[in-house]
Amino acid sequence: MLTEINYPIKNPSRIETIIGMIIIISCHSILLSRLWDQRGIFYVLSITVLLCLVLLFLAFYITFFKKPTGLSLSNEQIFLNGNIINPKDIKVIMIRGYFKPVIGILPHKRRIVPLNMAFRYSEDEDKGISNLKSWATMNNVKMVNRSFQTWI
């Protein structure tokens, strides 16, 4: 019987996003230097590079500078990043990966996991995941091992 269990959590690593944005920015910068005399293409590529730079800095901030938070499992709800999540609001809980598993909570009427509902445990992942599984079965929430997407 769960009463309340607390775990320190942190944001999942966004290294793949950072590497992808660096590659896109590099390729578009090369194109910008070669096609600077064609105005239409130049402006489209410039906007694309600026958008990718914004996403790069956001992913960099989330990965390296955002402070760890906490997860609390109680009998009837989850407290995650200052938000209360009730079991009836959860469509599925997904686990991605094996060595450093990332957990994503997908709410109803959503296709992509919100940024603040994806996390990984800072310590003692095995115990945290087993307690989350027991919470999910106790509250009739589906839990699967599957890859998922977040906004960034």
Side-chain angles (χ1 to χ4, degrees), residues 1-32 45-152:
M1 189 79 174
L2 275 169
T3 54
E4 186 168 329
I5 302 171
N6 297 315
Y7 289 100
I9 59 169
K10 56 186 173 180
N11 289 307
S13 176
R14 308 270 188 230
I15 297 297
E16 298 90 6
T17 304
I18 292 171
I19 291 170
M21 288 296 126
I22 290 172
I23 291 170
I24 291 170
I25 290 169
S26 301
C27 292
H28 280 72
S29 297
I30 292 169
L31 285 173
L32 272 172
L45 288 174
S46 298
I47 291 170
T48 305
V49 168
L50 288 174
L51 180 65
C52 289
L53 279 171
V54 169
L55 290 175
L56 174 69
F57 288 127
L58 188 60
F60 193 76
Y61 170 76
I62 290 170
T63 300
F64 297 112
F65 295 111
K66 198 165 180 193
K67 295 186 183 205
T69 57
L71 168 76
S72 295
L73 299 172
S74 68
N75 288 334
E76 304 268 331
Q77 40 191 248
I78 295 176
F79 298 99
L80 176 64
N81 295 326
N83 296 325
I84 298 172
I85 305 169
N86 293 314
K88 64 179 171 57
D89 299 332
I90 300 173
K91 183 177 182 180
V92 66
I93 299 174
M94 296 177 276
I95 301 173
R96 175 180 68 200
Y98 182 74
F99 292 110
K100 289 184 179 179
V102 177
I103 291 93
I105 299 174
L106 183 67
H108 285 288
K109 298 181 183 175
R110 296 276 180 105
R111 293 179 186 222
I112 296 176
V113 174
L115 197 59
N116 62 346
M117 290 188 174
F119 62 92
R120 64 186 177 124
Y121 290 101
S122 296
E123 52 196 48
D124 204 13
E125 298 113 17
D126 295 331
K127 186 177 178 189
I129 290 174
S130 68
N131 283 335
L132 186 62
K133 283 182 182 179
S134 66
W135 181 90
T137 55
M138 186 172 72
N139 290 294
N140 297 323
V141 175
K142 186 177 174 183
M143 192 163 180
V144 295
N145 290 322
R146 182 174 55 177
S147 184
F148 59 89
Q149 292 293 319
T150 59
W151 284 105
I152 295 178

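As a basis for the values below, the full set of heavy atoms in this structure was taken, side chains included, without hydrogen atoms, waters or symmetry mates.
Atoms CG and OG1, on L53 and T48 in that order, are 11.0 Å from each other to the nearest 0.5 Å. Rounding to the nearest 0.5 angstrom, the gap separating the CD1 atom in I78 from the CG atom in N139 is 8.0 Å. A distance of 12.0 Å separates CZ in F64 from CD1 in I62, rounded to the nearest 0.5 Å. With rounding to the nearest 0.5 angstrom, the CD1 atom of I95 is 5.0 Å from the CG atom of N145. Distance check, rounded to the nearest 0.5 Å: CG of N81 to CE of M117 gives 9.0 Å. Annotation: the span from L73 atom CG to L71 atom CG amounts to 4.5 Å, rounded to 0.5 Å.
In terms of the side chain to side chain donor-acceptor pair (under 3.5 Å) criterion, residue partners of N6 (sequence neighbours excluded) are, by chain and number, S72. With sequence neighbours left out, F148 forms a ring-ring contact (aromatic ring centres under 6.0 Å, His included) with no residue at all. With sequence neighbours excluded, the residues satisfying side-chain contact (heavy atoms from CB on, under 4.5 Å) with K100 are R120. Taking the side chain to side chain donor-acceptor pair (under 3.5 Å) definition, one finds that S46 meets it with nothing, sequence neighbours left out. Judged as a side chain to side chain donor-acceptor pair (under 3.5 Å), and not counting sequence neighbours, N116 has no contacts. V144 meets the side-chain contact (heavy atoms from CB on, under 4.5 Å) test with V92, M94, K142, R146; sequence neighbours excluded. Y61 is linked by a ring-ring contact (aromatic ring centres under 6.0 Å, His included) to nothing, counting only residues two or more places apart in sequence or in another chain.
Annotation: side-chain hydrogen bond (donor to acceptor under 3.5 Å, both in side chains) contacts involving residues 83-93, sequence neighbours excluded, comprise Q77-N86. Applying the ring-ring contact (aromatic ring centres under 6.0 Å, His included) definition to pairs two or more places apart or across chains, those involving residues 97-121 are Y7-Y121, F119-Y121.
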Going by atom type alone, with no hydrogens or angles, which donor-acceptor pairs under 3.5 Å involve a side-chain atom of residues 9-32 and a protein atom two or more places apart or on another chain?
from, atom 1, to, atom 2, distance (Å)
S13, OG, I15, N, 3.4
R14, NE, I152, O, 3.3
R14, NH1, T150, OG1, 3.3
R14, NH1, I152, O, 3.3
S26, OG, I22, O, 2.8
H28, ND1, I24, O, 3.0
S29, OG, I25, O, 2.7

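When all heavy atoms are compared, the tightest approach of I93 to A136 is CD1-CB, 4.5 Å.
Under a 3.5 Å cut-off, the side chain of W135 and the backbone N or O of S74 do form a donor-acceptor pair.
Within the 4.5 Å cutoff, the side chain of T137 has no heavy atoms near those of the K133 side chain.
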